[in-house]
Amino acid sequence: LKDNFVSNEYLEDAYGNKYYPVNSNSESSGSIYETSGKFTHWQTFDLTNNEKAQVLYLHLTLNTMDASKDIVITLELN
């Protein structure tokens with residue numbers, strides 16, 4: 001499998017502001033793609049200047065041996 005499972009990753013708020021991953025290490029950023037097909041990914045973003053957002057959209061491209069797929073995940077603050 002490709003070494004770079006996730007690319008083009010950023011958060012976007014409802015106002016169109018984009019937040020990119022912070023410079024990080026293996027503790028705050030990484031991916032594991034198991035042979036069983038289970039995928040785990042973690043990332044750190046700095047949202048210090050975003051206190052108003054109730055909804056964030058995580059945009060990323062998931063890269064596998066077979067294809068690349070653009071994914072958007074909606075995150076809502078409760």
Side-chain angles (χ1 to χ4, degrees):
L1 295 175
K2 294 180 182 179
D3 292 330
N4 193 12
F5 297 123
V6 175
S7 60
N8 305 322
E9 183 175 19
Y10 63 92
L11 285 174
E12 184 175 18
D13 64 21
Y15 308 104
N17 299 312
K18 294 181 181 178
Y19 304 89
Y20 295 92
V22 297
N23 291 335
S24 56
N25 56 37
S26 61
E27 292 180 3
S28 59
S29 173
S31 299
I32 300 171
Y33 206 138
E34 298 177 19
T35 55
S36 66
K38 179 181 176 183
F39 178 75
T40 304
H41 178 70
W42 60 98
Q43 184 59 269
T44 302
F45 295 88
D46 182 1
L47 299 174
T48 304
N49 296 324
N50 185 336
E51 298 178 10
K52 296 186 270 184
Q54 297 296 308
V55 177
L56 293 170
Y57 305 96
L58 173 61
H59 296 259
L60 58 89
T61 301
L62 178 61
N63 305 299
T64 66
M65 285 179 49
D66 299 326
S68 292
K69 182 175 182 176
D70 293 328
I71 297 173
V72 178
I73 300 170
T74 302
L75 307 167
E76 294 184 35
L77 180 64
N78 289 325

Q: Out of curiosity, does L56 fall in the hydrophobic cluster containing I71 (side-chain heavy atoms, cut-off under 4.5 Å, transitive links)?
A: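 Shared cluster, yes.
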Q: Taking only residues two or more places apart in sequence, or in another chain, which ones meet S31 in a side-chain contact (heavy atoms from CB on, under 4.5 Å)?
A: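 F5, V6, F39, H41.
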Q: Could you tell me whether the side chain of L58 reaches within less than 4.5 Å of the side chain of E9, counting heavy atoms only?
A: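 A side-chain contact exists here, since the closest heavy-atom pair is under 4.5 Å.
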Q: Is there a path of hydrophobic side-chain contacts, each under 4.5 Å between heavy atoms, that joins L75 and F45?
A: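 Yes, L75 connects to F45 through the hydrophobic network.
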Q: Applying the 4.5 Å side-chain criterion to the ILVMFWY set and letting contacts propagate, would I73 and Y10 be lumped into a single cluster?
A: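 I73 and Y10: separate clusters.
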Q: Taking a hydrophobic cluster as the set of Ile, Leu, Val, Met, Phe, Trp and Tyr residues connected by side-chain heavy atoms closer than 4.5 Å, whether directly or through intermediates, do Y15 and Y57 fall within one such cluster?
A: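 As far as the 4.5 Å side-chain criterion goes, Y57 and Y15 are not connected within one cluster.
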Q: About how many Å separate NE2 of H59 and OH of Y19, when rounded to the nearest 0.5 Å?
A: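 If I round to the nearest 0.5 Å, the distance is 12.5 Å.
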Q: Rounded to the nearest 0.5 Å, what's the gap from CG on N8 to CG on D70? Could you check?
A: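 Those atoms lie 7.0 Å apart.
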